[in-house]
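Every number for a ligand or one of its atoms is a count from 1 in the order of the listing. Each residue takes its place number in the sequence, starting with 1.
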Amino acid sequence: MTAAAAVDVTLRAPAARDRAAIERMLRDAAVFREDEVAIGLEVFDGSVAGDPAYHSVVAELGGGVAGWICWGPTPCTVGTWDMYWLAVSPAVHGAGIGTRLVREMEQRLAGRARLIVVETAGREDYAPTRAFYEARGYRRAAVIPDFYAPGDDQVVYVKSFTPSTDSYEGR
Ligand SMILES: CC(C)(COP(=O)(O)OP(=O)(O)OC[C@H]1O[C@@H](n2cnc3c(N)ncnc32)[C@H](O)[C@@H]1OP(=O)(O)O)[C@@H](O)C(=O)NCCC(=O)NCCS
């Protein structure tokens, strides 16, 4: 399936009942270490609890969770936001769900974000993920060698926006 053949997902706020499905999805992605899954769930819990540091959206397909995105204002910045998490169920990769979630985040931040930052890995198994961000207008801004572990670089992507007001949120 190609991203063009997007499936009809419903985007909605996360709920506590989604936690097990989110956990399964993060494990099934097969790129996140156990400690990363634990942090992902902490962030998920924060977004469900209404913590303003974490905003998230769930993609629902056929009554189940098919994707999840989470973002928040980057502390100590003016108008910079971090996309913290993005995952789509492997069974429906390539169906346009990741694209819908990124677009939804960008639309919700329209007029509020000046810069969206995505940190990802430079490992070979992340090559499709990096291609995904690059095709969606995210520009490689930095590489920190050996950031996550020896031989496991961090790649920082950024996308710039023009806020419609001159007062930025996220500070
Ligand atoms: C990266 C990811 C979120 C993309 O979501 P998706 O719903 O599969 O992507 P879409 O269908 O919207 O878009 C398909 C595009 O993503 C790329 N892609 C990345 N990973 C892919 C995968 N595993 N399967 C299919 N396409 C993938 C394709 O090359 C395609 O590119 P194109 O449209 O420019 O040709 C998803 O594959 C995923 O969850 N990966 C594992 C977890 C991960 O890496 N999360 C991000 C951590 S920073």
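- Classification of Asp18 and Arg24 as a salt-bridged pair fails, no side-chain N sitting under 4.0 Å from a carboxylate O.
- Here atom 48 (S) of ligand 1 lies nearest to Tyr133 when heavy atoms of Trp85, Tyr133, Tyr157 are compared.
- At a cut-off of 3.5 Å, with distance as the only test, a side-chain donor of Arg136 or Thr99 sits close to an acceptor on the other residue.
- At least one heavy atom of Ala95 sits closer than 4.0 Å to an atom of ligand 1.
- The side chain of Ala135, and not its backbone, has at least one atom closer than 4.0 Å to an atom of ligand 1 (non-hydrogen atoms only; side chain from C-beta on).
- Looking at Leu86 next to ligand 1, an N or O pair under 3.5 Å apart turns up.
- Those atoms of ligand 1 that come under 4.0 Å of a heavy atom in Thr120, given as number and element, are 48 (S).
- Ligand 1 has a nitrogen or oxygen under 3.5 angstrom from a nitrogen or oxygen of Val88.
- Looking at Arg103 against ligand 1, nothing comes within 4.0 Å, counting heavy atoms.
- Heavy-atom contacts from other residues, nucleotides or ligands closer than 6.0 Å to CZ of Arg103 number 12 or fewer.
- Within ligand 1, counting atoms from 1 as listed, the ones closer than 4.0 Å to a heavy atom of Thr129 are 1 (C), 43 (C), 44 (O), 46 (C).
- Under the 30°/60° scheme for interplanar angles, the aromatic rings of Tyr133 and Tyr157 are found to be tilted.
- In this structure, Lys159 pairs ionically with Glu106, as a charged nitrogen and a carboxylate oxygen lie closer than 4.0 Å.
- Side chain to side chain, Ser56 and Ser47 meet the donor-acceptor criterion of an N or O pair below 3.5 Å.
- Considering Trp85, Trp68, Tyr54 as possible partners of Phe44, the one that fulfils the ring pair (Phe, Tyr, Trp, His ring centres under 6.0 Å) test is Trp68.
- Between Gly96 and ligand 1, an N or O atom pair is found at a separation short of 3.5 Å.
- Evaluated by nearest non-hydrogen atom to atom 13 (O) of ligand 1, the leading choice among Arg136, His93, Arg100 is Arg136.
- Residue contact annotation: Met25 has no non-hydrogen atom under 4.0 Å from ligand 1.
- Those atoms of ligand 1 that come under 4.0 Å of a heavy atom in Thr99, given as number and element, are 10 (P), 12 (O), 13 (O).
- A donor-acceptor contact shorter than 3.5 Å is absent between the side chain of Thr120 and the backbone of Val155.
- For a threshold of 3.5 Å applied to N or O pairs, the pair formed by Val92 and ligand 1 contains no separation below that value.
- Remark: ligand 1 atoms within the under-4.0 Å shell around heavy atoms of Ala87 are 39 (O).
- A salt bridge links Arg108 to Glu104: one of the charged nitrogens lies within less than 4.0 Å of a carboxylate oxygen.
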